[in-house]
> 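Here's a structure for you.
All figures in this text were calculated on a predicted structure; none of them were measured in a lab. Residue numbers begin at 1 in each chain, while the letters A, B, ... track the order of the sequences.
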Amino acid sequence: MNGLRLWLSRNGRALFALALFLSMFCIYVIKNGVGLKMGLATAVANKGVLLALVAMAQTIPVLTGGIDLSVGMIFVLTNCIASAVLSGPPWMVAVGVVVVLLSGVVCGAINGALVVYGRLQPIIATLATGAVYYGLALTIRPVPGGSIDATLASALTNQFFGIVPTTLVILVAVVLVVWVPFQLSMTGRGCYAIGSSEMAAYMTGIAVRRSRLTAYVLAGLLAAFGGILLTAMTLSSDASVSGGGTYTLSSIAAVVIGGTSLMGGAGGAIGSIFGAFVLRTVSDLLFVFDIQPLMQPFIQGLILLGAVSLGAIRVLRAPNRLQFLGAAR
Amino acid sequence: MGVAANSRMTQTGPVVPFWRMDRISKRYGGVTALDDVSLTVDRGKIHAVLGENGAGKSTLIKIMSGVVQPDSGTMALEGKPVRFNGTADAGRSGVVCIFQELSLIPDFTVAENICAPEPPRRFGLIDRHAQRRRAEALLARVHCADVHPDELTRNLPLSRRQLIEIARALGRSPRLLILDEATSALTVADVERIYTILAQLRAEGLAIVYISHRMREITAFADECSVFRNGRHVESFSKGNRSGDEIVKLMIGRDYKDVYPDKTPHAVADPPILEVENLKWGSRLAGIDLKVRKGEIVGVGGLDGQGQRELLLALFGVLRGVDARIKIDGVPKRINSPREAKHRSVGMALIPEDRKTDGLVLPLTVRDNISLASLNRFARSGFISARAEMRAVDDAFRTLSIRTSGAHVPVGTLSGGNQQKVVIAKWLLTDARLVLLNDPTRGIDVGTKQEIYALLRQLTDSGKGIVFYSTDYAELIGCCDRVVILYEGRIVRELAGDELTERNIVTAALNLPEKEITLGEATG
């Protein structure tokens, strides 16, 4: 009983994001007049999963108390690479997948190295590398185009055995293969520890530098998963700066809505996934309520403000005024 | 016994001590923290290390546990030379330290924190069930079975966190356990609990090094005591060989007389600038009455962390929920922020504890820093008059004889002493009537200290009032007209005139019974 209370208090914000998404989704399904059809569910899932993967990527650096402003650009860059290498016989496609994921890892490793060894602030280091990655994407794909193996694309974007959207299965698989082991690893524990109190983490003998480096590497990897799925959905690639930038900013919003503290140390990628789905469902809801799509940024902004305010309540009650200065760091 | 078995294997001495450090020295910049220190520790004993603030105790245990490396000297565990590269390395040899600044991670659960240094793993991943079982077992060992392993650490009271810190240390199967001020933040009941646990560990054959200020309690339960002073190991003795008075004498005994300016006698009838009645803040400060008269330096003393810093912050409007009646020049005031505190109607200035974070904007120039708190004085209809600013800054520069190549260099390039002078200059420029100082001479060379002492006396001679918190007892005696001693957030003693001796301060700081209020015999 006590255990349940403690579990709720730790995961309350993520559960809140889930509840918010579910209620928005239910309203959408009831209002749209066609009910929950497989095709519709797949369309909703596909849109949500892309942002969910980028938001997961963002979560890990944020947990360490940092941020990764290049996740959107890695997402775009890997999209461009995927559109060039994911074709040909099955073995080449398989090699292509590995190449795309590795390029995400390399981008993340560069970010991590700049932050850990170059001692640059994450916000500026990743702003700069984001621009570099976007430049690379433009070099690969100056105009939208490219192609992808059609079998792979349709396999990734339809239903798994006709019962569940494949992208959801992939998302769950990524959670199980990347996030769950990460959270249970020494390195993952280290990321939480650094974000909570770097000094205490150091004094505890935690591998501070290795943990922080890994956080950025995993961010690159997760963004690359997103890049592959994006290629499968659009069947091409587009080095679009606004696309990349929007994904970066939305990922930060999703992370916050999902209950991860921007100061680091608390939260998790599962909440960010729900946060991403909340943001993505807004446009669908506006559609069924016949509200202009132009209102979408406005509504998304309100949701974000609401979510952030929930987190700010605790800080405002602090007994020492210096504490809420520190909290805004 | 382990010791006996070991002594047979070596040929040199009769008994090889479990832990031995020889001729250890450590300097930080120009400051000698440890000077040629040798110390041995045996198994199955509690070894207390006593000393005033700055005696070198903290450096000692940092070296023992691998946080810092000694400049010279050797250490040996069971006769074998050791060199620790970090706390994890020391832990593998069985040397585990519990530091004064808690090393618990606030956003971890209790179980996660207890297992953080070496979590149980299966297939490379952390095994949460095993982690939980281990946490439960260790919690039981420190008599904390009622703490839920899934509770978030930041939600626990300080006393519990301290016990969890001990549980974590026990989880690393220590053979030499070092506790740094483990009880300084605890209530009497919690302290008792820690003593019970330590006695149990001693019976299990652990070597325990225990650093504390609670002298009365220490002498009751420690088997060996070592006294440190000014970075030197003064003396070691076994339980019962020294009286409390003798120990206090060993801990103090410095002569600083010439450093301080003469105290100006002033009329007791001078009107108070500041009157505080019954100040209370949460559980940290209670029932504080304080008066500061014109021309008076009132010292605030006591052990570290008894609420002195909070008292200054409370006066300066930094803390929320402070309950007090405060009068400035006889007029009741409420002060809710540093901005209100420095306003002309109050006229307060606080020289903060950490000049690098709270006192200065390091990348700005000396001039910009000095004028930062009093820009409104140089503003003409909202714009800062560069000429007026420059004139005032130059004045302050001269008064304090700040040594730099000019007022245009970034303040971060100055030495610690000169930086501190810039902080003081900045606040003097606000024309404050009441200056609060939070340990202003920490980490500053003696020469600059002396200049600061002289300056404080000049300020009071010109009619200001000063509240001066210092961790250095000699400084309190040398500078202050009166000293109030805080213990657990309350003023336990007020010392003035002839009562103002190092011995009385130490006695009051430890909250020992008030017995000898004699003339200054504590020196030498």
> Contact part of B:Gln131 toward chain A, heavy-atom cut-off under 4.5 Å: side chain, backbone, both or neither?
side chain
> Contact between A:Arg5 and B:Glu151 at the side-chain level, heavy atoms closer than 4.5 Å - yes or no?
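A:Arg5 reaches B:Glu151 side chain to side chain.
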> Can you pull out the residues in residues 178-190 of chain A with any heavy atom less than 4.5 Å from chain B?
A:Pro181, A:Gln183, A:Leu184, A:Ser185, A:Met186, A:Arg189
> To the nearest 0.5 angstrom, please state how far the CG atom of B:Asp107 sits from the OG atom of A:Ser197.
9.0 Å
> Rounded to the nearest 0.5 Å, how far does CD1 of B:Ile105 lie from CD1 of A:Ile206?
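Reported to 0.5 Å precision, the distance equals 4.0 Å.
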> Does A:Leu249 CG have over 12 foreign heavy atoms under 6.0 Å away?
yes
> Determine yes or no for a side-chain-to-main-chain donor-acceptor pair under 3.5 angstrom, with A:Thr204 supplying the side chain and B:Ser103 the backbone.
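Side chain of A:Thr204 to backbone of B:Ser103, a donor-acceptor pair under 3.5 Å: yes, one is there.
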> Verify the neighbour count for atom CZ of A:Arg210: are there more than 12 heavy atoms of other residues, nucleotides or ligands below 6.0 Å?
no
> Among B:Asn113, B:Val67, B:Thr109, who wins on heavy-atom pairs under 4.5 Å with chain A?
B:Thr109
> What do you reckon, is CD of A:Gln121 surrounded by more than 12 foreign heavy atoms closer than 6.0 Å?
no
> Is the number of heavy atoms from other residues, nucleotides or ligands under 6.0 Å of B:Arg490 CZ greater than 12?
no
> Does any pair with a residue in residues 58-67 of chain A pass side chain to side chain donor-acceptor pair (under 3.5 Å), and if so which ones, sequence neighbours excluded?
A:Gln58-A:Ser251, A:Thr59-A:Ser272
